[in-house]
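For reference, the structure is listed below as structure tokens.
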Amino acid sequence: MMTRNKAENGERLAAEVRRQFGAEAMTRFLRTLPAFRIEADTHDRFRQLLDRLDRTEAGDARLRRQ
């Protein structure tokens, strides 16, 4: 059984990780890594879905900052 203090620490850690992964600096850094780049020969439908995901995430980030 988790004590209240440990549960609160876990919640704070989870919130901090979410905050850091949502930061613009982290997004810029991840885009420099090969695993997070879109290849030039990516199928158009897949590229459209990724663009849609980017727009949705950008909207979510704006809502969280308000």
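Quantities reported herein were computed from a predicted structural model and do not represent experimental measurements.
Within a 6.0 Å radius of CZ in Arg12, more than 12 heavy atoms belonging to other residues, nucleotides or ligands are found.
Considering only residues two or more places apart in sequence or on other chains, Arg19 meets the side-chain contact (heavy atoms from CB on, under 4.5 Å) condition with Glu16. The side-chain contact (heavy atoms from CB on, under 4.5 Å) test applied to Leu33 returns Phe29, Leu30, Phe36, not counting sequence neighbours.
Note: Asp44 CG to Asp51 CG = 10.0 Å, rounded to the nearest 0.5 Å. Separating the NE2 atom in His43 from the CG atom in Leu50 is a distance of 12.5 Å, to the nearest 0.5 Å.
Leu13 and Met26 fall within the same hydrophobic cluster, defined by Ile, Leu, Val, Met, Phe, Trp and Tyr side-chain heavy atoms under 4.5 Å apart, directly or through other members.
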